[in-house]
Each structure stands twice: as C-alpha cells, then as structure tokens.
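Quick notes on the structure that follows.
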Amino acid sequence: MQTSTIVLATTGGQCCKNAEDYALAYCAKNSASLGIVHVVESSLSHYGLVDSLATEGDRHDFIRHARTQEMPEVERRLARLISRAEAMHIPYRLHVGWQSPLYCILKQLRDNDAQMLIVGSKHSRPNPFSLTSCLRRKAPCDVRQIR
C-alpha cells in the first residue's frame, strides 16, 4: 500500500505555526508522508538578474552566492518543524524554492502526487487574489487553509 503525501507550504513564520501543527498531527494519524515547501522570495538574487553589465556567468555566480547566504535563515525558520517531524517519525521531504510561490507549490503538488495541501494564513477575510485563493483554483488536490 502506498502512503499518501501531504504537502505543507510554510514560511516558517508565526502565521504558519498552526498549519505546521495540523500537518504533523494529520500525517501522524494517517501514516502519511510530509512534503514541506518553503519559497524564498529573495531580495538578493534579484540584483543578479537586473545588472545589464554582468555576464551570464557573473549572474549565475551571484545568484548562487545569494542563495547560500539565505539558506541559514531558511534552516533556522524550519528547524522547529523538521525536528518535530523527526521526533514523530514522520517521513518528510524538504523543498526550498526560489521562483514564484504559486509555481513552486503547484510543482511540488504535482511532483509528489499530493492528496492535500495545507497552508497557513494570517487573514480571516477571503481575498480572491491571494496566494491561497489561486492555489484553491489551480491545485490538483484538496487545499486546507489553517488559521
């Protein structure tokens, strides 16, 4: 029997804590694996793309450097979630994305054949243009927004 995969989209921030707790509890109860998606909206990598005098190699090197500078922050933000998943013996895979959040999350849903997407939220009013609303329209699975 194949285990189901649940994908959690998280920033590692305070507004995602309830979603992280929900995802861990759901995976533990249903023997599901957890796909963790964290998208870095980098301010540093942008500069590697806009310098008109830079060569393609310079751009590539700068973007790689910017990502290595940002990874410690990503690891710090997700340390609590990863340590809890390991303590609960929940199999997980971490994907750190560098493109648009919508693209990265949808790609992970398709690549992992996910049965559910769990996202955190800090807003109580529905916004038809929010990332969560877009995910509900485009995701190939159920989307649960946890406040």
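Atom set for the values below is all heavy atoms of this structure, side chains included, hydrogens, waters and symmetry mates excluded.
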**OP:** Test Thr10 against Leu81 for side-chain contact (heavy atoms from CB on, under 4.5 Å), laying out the working first.
**Re:** CA-CA 10 Å; Thr10 182; Leu81 173 62; 4.1 Å; yes
**OP:** Evaluate side-chain contact (heavy atoms from CB on, under 4.5 Å) for Leu135 paired with Leu102, printing each intermediate quantity in order.
**Re:** CA-CA 7 Å; Leu135 287 166; Leu102 182 63; 3.7 Å; yes
Original post:
Could you go step by step and tell me if Tyr22 and Ile118 meet the side-chain contact (heavy atoms from CB on, under 4.5 Å) rule?
Top reply: CA-CA 8 Å; Tyr22 180 87; Ile118 299 171; 3.6 Å; yes
Original post:
Given Cys141 and Leu109, is the side-chain contact (heavy atoms from CB on, under 4.5 Å) satisfied, shown in steps?
Top reply: CA-CA 8 Å; Cys141 62; Leu109 291 173; 3.8 Å; yes
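Contact of the His38 side chain with the Leu78 side chain is registered, since non-hydrogen atoms from C-beta on lie closer than 4.5 Å. Looking at heavy atoms from C-beta onward, Leu8 lies out of side-chain contact with Val37 at the 4.5 angstrom threshold. In this structure, Arg144 and Met116 have side chains that are in contact, with non-hydrogen atoms separated by less than 4.5 Å.
With values rounded to the nearest 0.5 angstrom, Met88 atom CE is found 5.5 Å from Leu24 atom CG. Between Gln115 atom CD and Ser33 atom OG the span is 8.0 Å, to the nearest 0.5 Å. Of the inter-residue distances, the one linking Leu34 atom CG with Ile6 atom CD1 reads 8.0 Å to the nearest 0.5 angstrom. Atom SG of Cys15 sits about 9.0 Å away from atom CD of Glu20, to the nearest 0.5 Å. Going from atom CD of Gln108 over to atom OH of Tyr103 covers 9.5 Å, rounded to the nearest 0.5 Å. The OG1 atom of Thr132 sits 4.5 Å away from atom CD of Gln145, with the distance rounded to the nearest 0.5 Å.
Residues meeting the salt bridge (Lys or Arg N to Asp or Glu O under 4.0 Å) test with Glu73, sequence neighbours left out: Arg76, Arg77. By the side chain to side chain contact (heavy atoms under 4.5 Å, CB included) test, Asn30 is found to be paired with Tyr26, residues two or more places apart in sequence or in another chain being considered.
Shortest non-hydrogen contact noted between Ile90 and Cys27 is CG2-CB, 3.8 Å. Contact record, Val39 with Cys104: CG2-CB, 3.7 Å, taken as the closest heavy-atom pair. Across all non-hydrogen atoms, the minimal contact from Ser133 to Pro128 is CB-O, 3.6 Å.
Between Arg110 and the options Asp113, Leu106, Asn112, a side chain to side chain contact (heavy atoms under 4.5 Å, CB included) holds for only Leu106.
Hydrophobic cluster membership differs between Val119 and Tyr92, with clusters built from Ile, Leu, Val, Met, Phe, Trp and Tyr side chains linked at under 4.5 angstrom. When the side chains of ILVMFWY residues are joined at heavy-atom separations under 4.5 Å, either directly or via intervening members, Leu94 and Val7 end up in two distinct hydrophobic clusters.
Under the 3.5 Å distance criterion, the side-chain polar atoms of Lys17 are matched with a main-chain donor or acceptor of Gly12.
Salt-bridge formation is detected for the pair Arg80/Asp21: a Lys NZ or Arg NE/NH1/NH2 atom is positioned less than 4.0 Å from an Asp or Glu carboxylate oxygen.
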